[in-house]
Amino acid sequence: MIRVRIAPSPTGFLHVGTARTALYNFLFARNKKGKFVLRIEDTDIERSSDEMVDVIVESLKWMGLYWDEGPYFQSERREIYREHADKLLQAGLVYPCYCTKEEIEERRRRVIEKKRAWKYDRRCLFLTQKEKEQFERERAKALRFKVEKSSSFEDLLHGRIERSKEDIEDFVIVKSDGMATYNFACVADDHLMKITHVIRGEDHISNTHKQILLYEAFGWTPPEFVHLPLILGPDRAKLSKRHSAVSVLEYRDRGFLPEAFVNFLALLGWSPGGDREIISFDEMIELFSLERVGKRGAVFDIKKLEWMNGEYIKATSDRELLQRLLPFIENKPVTKEKGQEYILRVIGLLKERLFLLSQFWELGSYFFILPEQYDIDGFAKYVRKGKAEIKEERIGEVMKSFKNLKKFDSETVEGCVRNIAECMSIKPALIIHPIRFALTGKTVGPGLFELMEILGKDECIRRLEYFVENIIPQYRTQINANMLKLLSY
RNA sequence: GUCCCCAUGGUCUAGUGGUUAGGACACCACUCUUUCAAGGUGGUAGCACGGGUUCAACUCCCGUUGGGGACGCCA
């Protein structure tokens, strides 16, 4: 049975790179009807925290990557590692190292100054008995693996990858605080947890060589390895905080749908073949195969993610979308009072111009409250282009006609407005734009008549009055000020 | 500096010796339209370079160049 794992370290948020690795492991496991294990690699006690464990768990759940086993915590497995380290010590395959960080740092600096490659100099391998006894009394010791063989393994993606023993240093397997290091805990756990395929980022290739040596030392059969290419920033360097958001939960909070996020990540390095782009989770599981994973690092293109998110939003039913939208609007004014049916109608109008859930309020707050601000400059541009005018008497005329309307559905309102325009022998646009501006404070948005139907007759009239009394004077002042400014030059 | 990985438009990719090198994002234009989106139509743009192998190379091999990664008692 296929068994894979995701082994994040709770020293930070779940990185999108780790998220994609988790996704590929998950897809591979589900495709092969195997098991997906979650293991928390918290051997760095200082930097690990429970909060980060929660964040990781939440991130994986948000993406829909449910694990079959775990989470296992390496911090709870100290004894297991210690026993295994003892075996290697007794077999003479590892040796104690008493060097301090500072001492090593000093020696390393000197080597690097000479432009030579640094590797642990084996100082503690050649200690005299006397030195050993003294250090044993005075210092904490780490355990180093004595590298005597070259390492080689078959990567399912890259083929055979070799590394000469001269290029591998005697690496630490147990730290001076008694905790196993990553390379050691990882090997012990992957073996003990019967992991069949280790699928991880290619930044681990050099670790894999060390780990191969450990498998051999224990006489264990190593699992299969797949080293995935990295996710890159726009400059083609490994994606990191300085590029953009790298935390999965940040994408959730910015209004991405998990389905879109997962779909996008899946395609970053894997292709189902052909021209397929929008693929459901189930299809991904069905189609996933390691043979179709690429070897090239992929740039994380936020634009494409946003497009894809828009596609998913459009494909989501209004009712479902309402549920997804709730976290983004429940703290906004009057959204509760207006009720779900009202919000649903707004969703109907806004849905196709949304590519992030978080844009809902930004685009449609005026459905709930008076416009927070009026884009006077934007509107002024229309005026200059001759596409709109501010004429109080026209707005007055519109209000008067609205008051007489029995019905206020979009068709009736449209008929009414067009009729006024015709009577005045002007283009409807000259009325439509000012009304849109008066009602929403914006120059862009959904069809005017549809949004008026939702706002309702009373609210429309109320806003038109408010506009005439409060905004037009402001508008005049601002325009005049601009004129004066222009004249003074 | 040492070792390792990689190479199809700006980006994600399809392609596994014979294709007018296909799709998507982005960009541009046109269209629809009361605006913005969405939609529709069209367009710009690519096999890094040099050697082989072969009747034939984007495709296979070698090298160069370019990019990336690893060199922690971090994971």
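Any value given below was found using the heavy atoms of this structure, including those in side chains, with hydrogens, waters and symmetry copies removed. Reminder, nothing fancy here: chain letters follow the sequence lines and each chain counts from 1. Computed from a predicted structure; not experimentally measured.
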### Query
How would you list, by chain and number, every residue that makes a salt bridge (charged side-chain N to carboxylate O under 4.0 Å, His left out) with A/Asp275, sequence neighbours excluded?
none
### Query
Quick one: A/Leu451 CG to B/rA37 P, roughly how many Å, whole number?
17 Å
### Task
For A/Arg276 and B/rC12, give me the distance from atom CZ to atom P, rounded to whole Å.
22 Å
### Summary
When rounded to whole Å, the CE to P distance for the pair A/Met308 and B/rG23 reads 17 Å
Using the 3.5 Å cut-off, write out each protein N or O paired with an N or O of nucleotides 67-72 of chain B and the distance between them.
{"unit_1": "B/rG69", "atom_1": "OP1", "unit_2": "A/Lys238", "atom_2": "N", "d": "3.3"}
{"unit_1": "B/rA70", "atom_1": "OP1", "unit_2": "A/Lys238", "atom_2": "NZ", "d": "2.9"}
{"unit_1": "B/rA70", "atom_1": "O2'", "unit_2": "A/Ser206", "atom_2": "OG", "d": "2.4"}
{"unit_1": "B/rG72", "atom_1": "OP1", "unit_2": "A/Arg108", "atom_2": "NH1", "d": "3.3"}
{"unit_1": "B/rG72", "atom_1": "OP2", "unit_2": "A/Arg108", "atom_2": "NH1", "d": "2.6"}
{"unit_1": "B/rG72", "atom_1": "OP2", "unit_2": "A/Trp118", "atom_2": "NE1", "d": "3.4"}

### Task
Establish, yes or no, whether a centroid distance under 6.0 Å links the rings of A/Phe360 and A/Phe328.
no
### Inter-nucleotide P distance (B/rA48, B/rA38), Å rounded
33 Å
### Query
With sequence neighbours left out, what residues match A/Glu397 under salt bridge (charged side-chain N to carboxylate O under 4.0 Å, His left out)?
A/Lys400
### Query
Mind checking the P distance from B/rC25 to B/rG66? Whole angstroms is fine.
35 Å
### Message
Out of the candidates A/Tyr366, A/Phe379, A/Tyr382, only one should pair with A/Phe437 under the ring pair (Phe, Tyr, Trp, His ring centres under 6.0 Å) rule; please name it.
### Response
A/Phe379
### Message
Roughly how many Å apart are B/rU19 and B/rA24, using the P atom of each and rounding to a whole number?
### Response
23 Å
### Task
Would you kindly give the CG-to-P distance between A/Asn263 and B/rA24, to the nearest whole Å?
15 Å
Contacts under 3.5 Å, N or O only, protein and nucleotides 14-20 of chain B:
{"unit_1": "B/rA14", "atom_1": "O3'", "unit_2": "A/Arg292", "atom_2": "NH2", "d": "3.2"}
{"unit_1": "B/rG15", "atom_1": "OP1", "unit_2": "A/Arg292", "atom_2": "NH1", "d": "3.2"}
{"unit_1": "B/rG15", "atom_1": "OP1", "unit_2": "A/Arg292", "atom_2": "NH2", "d": "3.2"}

### Query
Does the ring of A/Tyr24 carry A/Arg20 above it, NZ/CZ under 6.0 angstrom from centre and within 45° of its axis?
yes
### Message
Let me spell it out: for each of A/Thr100 and A/Asp167, pick the nucleotide of RNA chain B with the closest heavy atom. Which residue's pick is nearer the 5' end?
### Response
A/Asp167
### Query
Counting only non-hydrogen atoms, which of residues 143-161 of chain A are less than 4.0 Å from RNA chain B?
A/Arg144, A/His158, A/Ile161
### Task
Write down the partner of B/rU35 under the Watson-Crick or G-U wobble criteria, each distance required to be under 3.5 Å.
none
#### Entry: Distance between C1' atoms of B/rG15 and B/rG23 (Å, rounded)
11 Å
### Message
Using a strict threshold of under 4.0 Å (side-chain N to carboxylate O), is an ion pair present between A/Lys295 and A/Glu202?
### Response
no
### Query
If you check every side-chain atom of A/Glu311, which of B/rU35, B/rA75, B/rG39 has the closest atom?
B/rG39
### Task
Could you state the atom-to-atom distance from CZ of A/Arg436 to C1' of B/rU33 in whole Å?
11 Å
### Task
Answer yes or no: does a side-chain N or O of A/Lys295 lie under 4.0 Å from OP1 or OP2 of B/rU13?
no
Using the 3.5 Å cut-off, write out each protein N or O paired with an N or O of nucleotides 27-31 of chain B and the distance between them.
none

### Query
How far does the C1' atom of B/rG10 sit from the matching atom of B/rU16, given to the nearest Å?
27 Å
#### Entry: Spacing of the C1' atoms in B/rU65 and B/rU31 (rounded, Å)
46 Å
### Query
When the ring centroid of A/Phe264 is compared with that of A/Phe300, is the distance short of 6.0 Å?
yes
### Query
Over how many whole Å does the gap from A/Gln74 atom CD to B/rC74 atom C1' extend?
12 Å
### Summary
In short, salt bridge (charged side-chain N to carboxylate O under 4.0 Å, His left out) pairs touching residues 301-318 of chain A with sequence neighbours left out are A/Glu277-A/Lys304, A/Glu311-A/Lys314, A/Asp318-A/Lys351
### Message
Rounded to whole Å, how long is the line connecting atom CG of A/Leu268 with atom P of B/rC12?
### Response
8 Å
Side chains of residues 181-190 of chain A: which donor-acceptor pairs under 3.5 Å do they make with residues two or more places apart or in other chains?
{"unit_1": "A/Thr181", "atom_1": "OG1", "unit_2": "A/Val172", "atom_2": "O", "d": "2.9"}
{"unit_1": "A/Thr181", "atom_1": "OG1", "unit_2": "A/Ile173", "atom_2": "O", "d": "3.4"}
{"unit_1": "A/Tyr182", "atom_1": "OH", "unit_2": "A/Arg200", "atom_2": "NH2", "d": "3.2"}
{"unit_1": "A/Tyr182", "atom_1": "OH", "unit_2": "A/His204", "atom_2": "ND1", "d": "3.1"}
{"unit_1": "A/Asn183", "atom_1": "ND2", "unit_2": "A/Asn207", "atom_2": "OD1", "d": "3.2"}
{"unit_1": "A/Asp189", "atom_1": "OD1", "unit_2": "A/Arg77", "atom_2": "NE", "d": "2.8"}
{"unit_1": "A/Asp189", "atom_1": "OD1", "unit_2": "A/Arg77", "atom_2": "NH2", "d": "2.8"}
{"unit_1": "A/Asp189", "atom_1": "OD1", "unit_2": "A/Tyr81", "atom_2": "OH", "d": "3.2"}
{"unit_1": "A/Asp189", "atom_1": "OD2", "unit_2": "A/Gln74", "atom_2": "NE2", "d": "2.9"}
{"unit_1": "A/Asp189", "atom_1": "OD2", "unit_2": "A/Tyr81", "atom_2": "OH", "d": "2.6"}
{"unit_1": "A/Asp190", "atom_1": "OD1", "unit_2": "A/Arg5", "atom_2": "NE", "d": "2.9"}
{"unit_1": "A/Asp190", "atom_1": "OD1", "unit_2": "A/Arg39", "atom_2": "NH1", "d": "2.9"}
{"unit_1": "A/Asp190", "atom_1": "OD1", "unit_2": "A/Arg39", "atom_2": "NH2", "d": "3.1"}
{"unit_1": "A/Asp190", "atom_1": "OD2", "unit_2": "A/Arg5", "atom_2": "NH2", "d": "3.0"}

### Residues that A/Glu136 engages under salt bridge (charged side-chain N to carboxylate O under 4.0 Å, His left out), provided they are two or more places apart
A/Lys141
#### Entry: Closest to side chain of A/Leu448, choosing from B/rU34, B/rC73, B/rC25
B/rU34
### Task
Output all residues satisfying ring-ring contact (aromatic ring centres under 6.0 Å, His included) with A/Trp361, sequence neighbours left out; order by chain, then residue number.
A/Phe368
### Query
Is there a Watson-Crick or G-U wobble partner for B/rC55 with both distances under 3.5 Å, and which nucleotide is it?
B/rG18
#### Entry: A/Asp155: partners by salt bridge (charged side-chain N to carboxylate O under 4.0 Å, His left out), with sequence neighbours left out
none
#### Entry: C1' gap between B/rU20 and B/rC36, integer Å
38 Å
### Task
Hunt down the Watson-Crick or G-U wobble partner of B/rG63, both distances under 3.5 Å, from any strand shown, or write none.
B/rC49
### Query
How about A/Phe171 and A/Phe145: are their ring centres within less than 6.0 Å of each other?
yes
### Message
Between B/rA24 and A/Lys304, counting only base atoms on the nucleotide and side-chain atoms on the residue, is there a donor-acceptor pair under 3.5 Å?
### Response
yes
### Message
If I take atom NE2 in residue A/His209 and atom C1' in nucleotide B/rC5, what distance separates them, rounded to the nearest angstrom?
### Response
11 Å
### Message
For the C1' atoms, the ones on B/rC47 and on B/rG9, what distance do you get once it is rounded to whole angstrom?
### Response
10 Å
### Strand partner of B/rA24, provided both Watson-Crick or wobble distances fall under 3.5 Å
B/rU11
### Task
Could you note down all residue pairs passing side chain to side chain donor-acceptor pair (under 3.5 Å) where residues 144-153 of chain A supplies at least one of them, sequence neighbours left out?
A/Ser152-A/Arg160
### Query
Aromatic ring centroids of A/Trp270 and A/Phe288 under 6.0 Å?
yes
### Query
Starting at the 5' end of RNA chain B and moving along, which residue's nearest nucleotide shows up first, A/Leu354 or A/Phe300?
A/Phe300
